[in-house]
Amino acid sequence: MGEIAPSLGIHVTVLAETLDDAAVATCDEVVLGSPKDPLALERLARLVEVVTFDHELVDLAHLRTLEDSGVVVRPSAHALSFAVDKAHQRQAFRDAQIPVPRFLVVSSAHDQRIEPFLEELTGPPVLKAARGGYDGRGVLFPSTRDETLSLISEMTTSGQVVIEERLALHGEVAQLIARSVDGQMSIYPLVTTVQANGMCIEVDFPALATNELNERAHELGEQIASLIGAVGVLAVEFFIAPEGLVVNEVALRPHNSGHWTIEGTRTSQFANHLLCVCGEEPGDVTTLASCAVMVNVVGSEQPGSFVDAQAVEGAYVHDYGKSWRPDRKLGHVTVLGDNRESAHVRAWESAIAYGTRTREV
Ligand code: ADP
């Protein structure tokens with residue numbers, strides 16, 4: 001967002017915990033402090049016209065206090081609660097008849113509903129910390145009943161746990177929407193996301209999905225955006241399950257599944273997020289190539305070469321300026337083209353030259 005803001009005439013002040021936070025490199029002003037510290041939030045709020053977010057590790061109560069004192073927070077604490085709290089998201093979506101996996105929310109391993117719920121499932125569940133997880137952290141895949149129960153016991157010591165049916169996935173797709181304050185929406189095309197160890201490693205446009213699935217994802221995305229009152233970018237991650245599309249999670253910020261839009265669409269997700277939270281209408285999201293492949297650079301043991309990564313024909317290489325650490329998302333590469341296979345080969349060639357971890361998918 002910091003890279004595109006100057007061309008939109010937007011001045012960015014970042015609340016960062018340290019000066020080497022990646023966002024500091026591109027912003028106009030910095031407030032040092034934690035997003036969970038109410039005083040730091042107040043210092044930030046005094047300097048800006050609108051507060052927005054690039055992650056959801058935030059304290060909703062502090063954000064509500066800011067809102068109550070007249071600070072403009074977009075998306076609102078109400079909208080953010082669907083991204084911050086998986087238990088709330090699952091319950092609210094089920095109530096609105098939006099498809100989600102079968103689930104049970106518990107606060108204690110002694111909850112009497114756990115055994116009958118596990119009995120209903122055909123295999124072991126997935127366990128998710130209701131709050132605080134990202135990139136697969138806080139999501140566990142036990143293999144036996146004993147392991148399931150002991151993990152529930154451990155996880156409930158730090159908050160609510162969502163026990164969820166493990167679906168047989170045919171794939172995963174993501175729908176990005178930019179929504180203005182008055183509800184105008186620009187709908188990006190659906191993309192396929194490829195995961196390894198709970199972390200997204202690749203995004204492909206167009207999605208490997210039928211026309212019906214594309215339409216259903218657009219429809220559900222619009223329904224969700226209106227239901228939660230999203231402002232800015234909303235990303236909805238879906239599972240493709242035997243029963244059709246099932247919502248996995250939502251994010252109310254520029255999202256990993258939309259990094260390809262920097263080069264691949266007329267208005268990127270970053271520009272659209274800023275436009276919408278600043279009260280403008282979302283821009284045109286027409287695509288600029290018939291396909292795009294984005295590969296995340298996830299740190300392997302040793303860094304590779306940025307120069308070699310850039311030397312791959314057609315590769316747009318982005319370095320987030322973070323210190324190199326194995327398993328950390330450090331950058332990404334996008335290749336646009338007419339041919340999915342050759343874009344895929346070149347994007348991986350570039351990411352591997354950069355030092356990405358290669359994994360079995
Ligand atoms: P995070 O919030 O850390 O991104 P997710 O909830 O998206 O975690 O889960 C990470 C990955 O784990 C998903 O992308 C998917 O591959 C797998 N997963 C999560 N929930 C389920 C489920 N109910 N059934 C099957 N696979 C799942």
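Heads up: numbering here begins at 1 and tracks the sequence. First listed ligand is number 1; within each ligand, the first listed atom is number 1. Keep in mind that the numbers below use all heavy atoms, side chains included, and drop hydrogens, waters and symmetry copies.
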Suppose we screen for side chain to side chain contact (heavy atoms under 4.5 Å, CB included). Which residues come up paired with Ala79, at least two apart in sequence or across chains?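 Partners of Ala79 under the side chain to side chain contact (heavy atoms under 4.5 Å, CB included) test: Pro75, Ser76, Leu252.
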
Determine, using heavy atoms of Lys86 and all atoms of ligand 1, whether some pair is separated by less than 4.0 Å.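 It does; at least one heavy atom falls under 4.0 Å.
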
Min N/O separation Arg166 to ligand 1 under 3.5 Å: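 No, there is no polar N/O contact under 3.5 Å.
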
Quick one: ring pair (Phe, Tyr, Trp, His ring centres under 6.0 Å) partners of His78, sequence neighbours excluded?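 Phe82.
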
Main chain of Glu17, side chain of Asp21: is a donor-acceptor contact present, judged purely on distance under 3.5 Å?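 Yes: the side chain of Asp21 pairs with the backbone of Glu17.
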
Can we call the ring centroids of His332 and Tyr320 under 6.0 Å apart?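 Yes, the ring of His332 comes within the 6.0 Å limit of the ring of Tyr320, centre to centre.
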
Does Phe270 have its ring centroid less than 6.0 Å away from the ring centroid of His259?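 Between His259 and Phe270, which both carry aromatic rings, the centre distance is below 6.0 Å.
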
Atom indices of ligand 1 within 4.0 angstrom of [X] heavy atoms, with elements:
{"X": "Val126", "answer": "21 (C), 22 (C), 23 (N), 24 (N)"}
{"X": "Glu164", "answer": "20 (N), 22 (C), 23 (N)"}
{"X": "Phe141", "answer": "12 (O), 17 (C), 18 (N)"}
{"X": "Gln195", "answer": "14 (O), 16 (O)"}

Going by heavy-atom distance to atom 16 (O) of ligand 1, choose the closest among Glu249, Glu172, Glu237.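 Checking each option, the heavy atom nearest atom 16 (O) of ligand 1 is found in Glu172.
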
Counting heavy atoms only, name the option from Cys200, Gly198, Ala196, Pro101 that's nearest to atom 10 (C) of ligand 1.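 Closest candidate by heavy-atom distance is Gly198.
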
From the options Val191, Thr265, Thr261, select the one residue that forms a side-chain contact (heavy atoms from CB on, under 4.5 Å) with Phe205.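 The side-chain contact (heavy atoms from CB on, under 4.5 Å) with Phe205 is passed solely by Val191 among Val191, Thr265, Thr261.
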
Flag if over 12 foreign heavy atoms under 6.0 Å of OH, Tyr316: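 For Tyr316, atom OH is not crowded (no more than 12 foreign heavy atoms under 6.0 Å).
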
Heavy-atom contacts under 4.0 Å between Leu169 and ligand 1: side chain, backbone, both, or neither?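 Side chain only; the backbone of Leu169 stays clear of ligand 1.
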
